[in-house]
Amino acid sequence: MAKDHLKVIAQPDKQVPVGSHKQRKRKVQVTWYLFLIPSFLGILLFLVYPIFESFRLSFYQSNGTIEKFIGLQNFQTVLTSQPFWNSVWNTFYIGIFQIAIAIPLGFIFASLINTTPKGKNFFKVIYFLPNVTSIVAAAMIFAFVLHPEMGIVNYALEAVGLPTSQWLSDPSSSKWAVILLAVWHWIGFIIIICLANLQAISPEMYEAAKIDGASSFQQWLFITIPNMGGTFAFLLITGWIGALQRFNEVYVLGGPSGSPARSIQTMGAFIYERGFTGFEFGIASAATYIMFIIILVFTLINLKVSKMKL
Amino acid sequence: MSYKKAEKIGGYLKFFILLVFGILLMAPFVWMISVGFDRSANIAMPFPPRLFPDDASGFNFSIVFENGRLIQSYLNSAFVTVTSVILAVSSALLAGYAFSKGKFKGKRLLFVIVLCTLMIPMEPRLIPLYKLFNSVDLLNTFWPLILPSIINGMLIFLCKQFFDQLPDTIREAAQIDGAGEFKIFFQVYAPLAGPIAATMVILSFIGSWNDFLWPLVVLSNQELHTVPLYLASFSLENGTSLGGLTMALATVSVLPIIVLYLFLQRYIIQSIALSGVKGE
């Protein structure tokens, strides 16, 4: 089969008539589009169509079968709904602290691993391990790990004389339970990314600094950190994109409503609750668009901020 | 001399700090396995925590296996993941190759579209996709999980980058021999794509195996549940009761992945690192 195909394309070459040169070129071009068919079929069907359909739905009252045009009412409902703004608050609260804790901590661990005299690879493997377990299984384990009476975290805190917390049993501390889980799960990723980029810094810079008598801490402060700007920007952006879409772990820990008392319901969980437990497709679609715009604007801001730093 | 000594002490200190935090990070796993072997943990979790249960038994594990739902969910996950990975990797190889070596109108624009897909989250697509698969009566089948994996912008991007590094001269040689574009791809470039294909398999495997929100929406039939769905439904049903069973279940669902990871750690870590230096 491949041979026939080969002949078809090879033939015009032999005759080299001036007029058919364009035709041949077009044929080759068409072949290239064939390579793209699977991907672009997917993009049209599973990305472009849903985005437009979702936009349309956000102007309708819909439960999946009966639809009625209601203009901007869904947006009004969402934007004036207290639970929605609560979910936005929760999402940002958990995201800010997860990122503010995990990136510096992960970078410090990566720097330590990069310069430890022994066990470099061992630590790399160990620290990345939480990240390979699914966040769903991790959340399931953490529900027990953070249990106020029987969990190991409170036990350890008490043992070293630190104050304990009610974690998931109390709306005022439950977000910190999610933050702890998120940091534990994400930090391995940060370490791997940082390590890869740490090793890309040219050793000559360190050599030069050493000759000038800089201590290893000074080298870290004045050579390593400034050279990691791009890496931090990447982690910041991917971190926020992930944080704004947070759903899996809060669903396992608090169900679709983010119990206790909606204290860990994220934007994703709000959309799931309205869309798939209440089957209010119009309202959920409007909420997804608002969330989409929040993510887009926030990513652009992040891009801008991190570019200025570079 | 004292400078060298300080360096040495610093080295030990680093090792020590890493060891302590490493143990802290691993503690949930160790505790999970320990409680999994503790039958009495189903009534009350052992407190204070101990490494070895007073009355260790495989009771919890035998319940988990006898129940059969975990094994069923493993089979479901395996089927969905393997088919999704094959689909994702082959479509990305084709597209990545075309974007790297192809010459056609609109190449730049189409590639920008691919990059834009990376920015689009799942949530806005959830309801339309649900309605789409509902309209063709495919809810509660594996199709909705498999078919959308045909598009993966990240994989296309990585693949293009890989082919960019391969020289065009091989192509030109094959072209002079009169080979068509498909033949050049399958016989010349595809065999060279082993390393990037392995990376793509790893990345799409992780993504597909851990996928949660979309399967949750389309699979209400418990028999079709994937591993994360089964874990979540078990966890939501039982809360923080039945600690022993929950931890045995968590162990059986997490341990095979950990073992796989330990075997393939070099390649997995490389793949993750590769997906992270894309910004440069």
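Every heavy atom of this structure was used, including side-chain atoms; hydrogens, water molecules and symmetry mates were not. Here is how names work: the chains are called A, B, and so on, in the same order as the sequence lines, proteins then strands, and each is numbered from 1.
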- Residues B:Lys131 and A:Glu67 bridged, charged N to O under 4.0 Å: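 So B:Lys131 pairs with A:Glu67 through a salt bridge.
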
Side chain, backbone, both or neither: which part of [X] has a heavy atom under 4.5 Å from chain B?
{"X": "A:Leu235", "value": "neither"}
{"X": "A:Phe276", "value": "side chain"}
{"X": "A:Phe142", "value": "side chain"}
{"X": "A:Thr115", "value": "both"}
{"X": "A:Ile126", "value": "both"}
{"X": "A:Phe247", "value": "side chain"}
{"X": "A:Asn121", "value": "side chain"}
{"X": "A:Phe217", "value": "neither"}

- Mind ranking B:Leu126, B:Asn210, B:Leu216 by heavy-atom pairs under 4.5 Å with chain A and telling me who comes out on top?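 Going by pairs under 4.5 Å, I would pick B:Leu216.
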
- Message: Please find the pair of heavy atoms, one from B:Met45 and one from B:Trp31, that lie closest to each other, and give the distance.
- Response: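 Smallest interatomic distance, heavy atoms only, reads CE-CH2, 3.4 Å.
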
- Would you kindly check if the NZ (Lys) or CZ (Arg) of A:Arg56 is within the cone defined by 45 degrees around the ring axis of A:Tyr60 and under 6.0 Å from the six-membered ring centre?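 Checked: cation-pi criterion met.
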
- Query: Regarding B:Lys160 and the six-membered ring of B:Phe111, is the cationic atom NZ or CZ under 6.0 Å from the ring centre and inside 45° of its axis?
  - Reply: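 Because its charged atom sits under 6.0 Å from the ring centre and within 45° of the axis, B:Lys160 does stack over B:Phe111.
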
- Query: Can any side-chain N or O of A:Arg274 pair as donor or acceptor with the backbone N or O of A:Phe281 at less than 3.5 Å?
  - Reply: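 Side chain of A:Arg274 to backbone of A:Phe281, a donor-acceptor pair under 3.5 Å: no, none is there.
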
- Item | Contact winner vs chain B - A:Tyr155, A:Phe144, A:Tyr251, A:Phe292, heavy-atom pairs under 4.5 Å |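 Among the listed options, the one with the most contacts to chain B is A:Phe144.
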
- Task: Would you mind telling me which of A:Phe109, A:Tyr289, A:Phe122 has the largest number of heavy-atom pairs within less than 4.5 Å of chain B?
- Result: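 With the most close heavy-atom pairs to chain B, the winner is A:Phe109.
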
- Task: Measure distances from B:Leu93 to the heavy atoms of chain A and classify the residue's part below 4.5 Å as side chain, backbone, both or neither.
- Result: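 For B:Leu93, neither part sits under 4.5 Å from chain A.
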
- Item | By side-chain contact (heavy atoms from CB on, under 4.5 Å) - contacts of B:Arg266 (at least two apart) |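 With neighbours one apart ignored, the set is B:Gln270.
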
